[in-house]
Amino acid sequence: MTRIGQAVMLLHGGDREEARNRFGLLWAELGEAGDAFHRCALAHYMADTQDDPGDELAWDLRALTAADGLREESAGDDRPAGDGAAGDGAVDDPLAEARVGVPGTSSVVRAFYPSLHLNLAADYVKLQRPEAARLHLDRAREAADALGDEGDVNGVGAGIDRLERLLRER
């Protein structure tokens, strides 16, 4: 996560090309089968470095797919950290220990969804696909509403409102 954070700092500092290069190297290192949390974060930020709206959409869809995988992991595996499937005490998931004690990994995952769907809605607006944009905007709103007061992380609620107004005007 540290290297992802460093690339995010480059992105926020305005160096999209270098951020994109670093994210690309990290993605190649992580691979499609890497940890879902890291894939989600990396793809989410990689989308922001794209010049082409179709490429941005592809990365945002990867982020959503990774979040779905993370949700499935947290719902389907109730073993404590260090409970290796081989029975030898080895840790199968190197991040499992870090996730222990997090107040509901599933709640952490749920917190991703408003932003992920909002980004997808914005992508579809850029691609002039208003029906798909509305679908993801509705999903963003539903996900934010399900979180209650915790749902407006980083102004996502305001972003949802702005995009809804934009779509109504079209």
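Taking all atoms of both residues into account, the shortest heavy-atom contact from L137 to A121 is N-CB, 3.7 Å. When all heavy atoms of G69 and A36 are compared, the pair lying nearest together is C-CB, 4.2 Å. Listed here is the closest heavy atom pair of A140 and L118: CB-N, 3.7 Å. A pairwise comparison of heavy atoms in A7 and A19 identifies O-CB, 3.5 Å as the closest pair. Residues A43 and A63 come closest through the heavy atom pair CB-N, 3.6 Å.
In this structure, OG1 in T49 is found 8.5 Å from CD in E56, a value given to the nearest 0.5 Å. Atom CZ of R129 and atom CG of L135 lie 10.5 Å apart (nearest 0.5 Å). Here Y45 contributes atom OH and W59 contributes atom CH2; the two are 15.0 Å apart, rounded to the nearest 0.5 Å. The distance from atom CG of D55 to atom CG of D123, rounded to the nearest 0.5 Å, is 10.5 Å. How far CG of D138 is from CG of D145: 10.5 Å, rounded to the nearest 0.5 Å.
Aromatic ring pairs are classed by plane angle as parallel below 30°, tilted from 30° to 60° and perpendicular above 60°; the pair H136 and H117 is parallel.
Under the side chain to side chain contact (heavy atoms under 4.5 Å, CB included) rule, R3 has a single partner from R22, E29, H38, which is E29.
Counted by atom type alone, D60 and Y124 present zero donor-acceptor pairs between their side chains at under 3.5 Å.
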Problem - Test side-chain contact (heavy atoms from CB on, under 4.5 Å) applied to M46 and R62, step by step - result: CA-CA 10 Å; M46 180 61 127; R62 285 183 186 103; over 6 Å; no
Handout entry: Candidate pair C40 and L116, rule side-chain contact (heavy atoms from CB on, under 4.5 Å), full reasoning
Key = CA-CA 9 Å; C40 180; L116 294 173; 4.2 Å; yes
Practice task
Take H44 and L64 through the test side-chain contact (heavy atoms from CB on, under 4.5 Å) and record every step on the way to the result.
Solution key: CA-CA 8 Å; H44 177 70; L64 181 63; over 6 Å; no
Practice task
Step by step, work out the side-chain contact (heavy atoms from CB on, under 4.5 Å) result for R39 and D35.
Solution key: CA-CA 6 Å; R39 284 186 296 118; D35 177 74; over 6 Å; no
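In the hydrophobic clustering of this structure, F23 does not group with L10; members are Ile, Leu, Val, Met, Phe, Trp, Tyr whose side-chain heavy atoms approach within less than 4.5 Å, directly or through other members.
Residues I4 and M1 have side chains in contact (heavy-atom distance under 4.5 Å, counting atoms from C-beta outward). The side-chain heavy atoms of Q6 and T2, taken from C-beta on, include a pair separated by under 4.5 Å.
Partners of M9 under the side-chain contact (heavy atoms from CB on, under 4.5 Å) rule, at least two apart in sequence or in another chain, do not exist in this structure.
Distance alone, capped at 3.5 Å, places no donor-acceptor pair between the S115 side chain and the F112 backbone. Y113 contributes a side-chain N or O that, together with a main-chain N or O of D68, makes up a donor-acceptor pair within less than 3.5 Å.
Between R141 and D161 there is a salt bridge, with a side-chain nitrogen of the basic residue lying less than 4.0 Å from a carboxylate oxygen of the acidic one. In summary, R20 and D51 engage in a salt bridge, as defined by a charged side-chain N under 4.0 Å from a carboxylate O. We find that D48 and R16 are not joined by a salt bridge, their nearest charged nitrogen and carboxylate oxygen being 4.0 Å or further apart.
Atom CD of E17 is surrounded by 12 or fewer heavy atoms from other residues, nucleotides or ligands within 6.0 Å.
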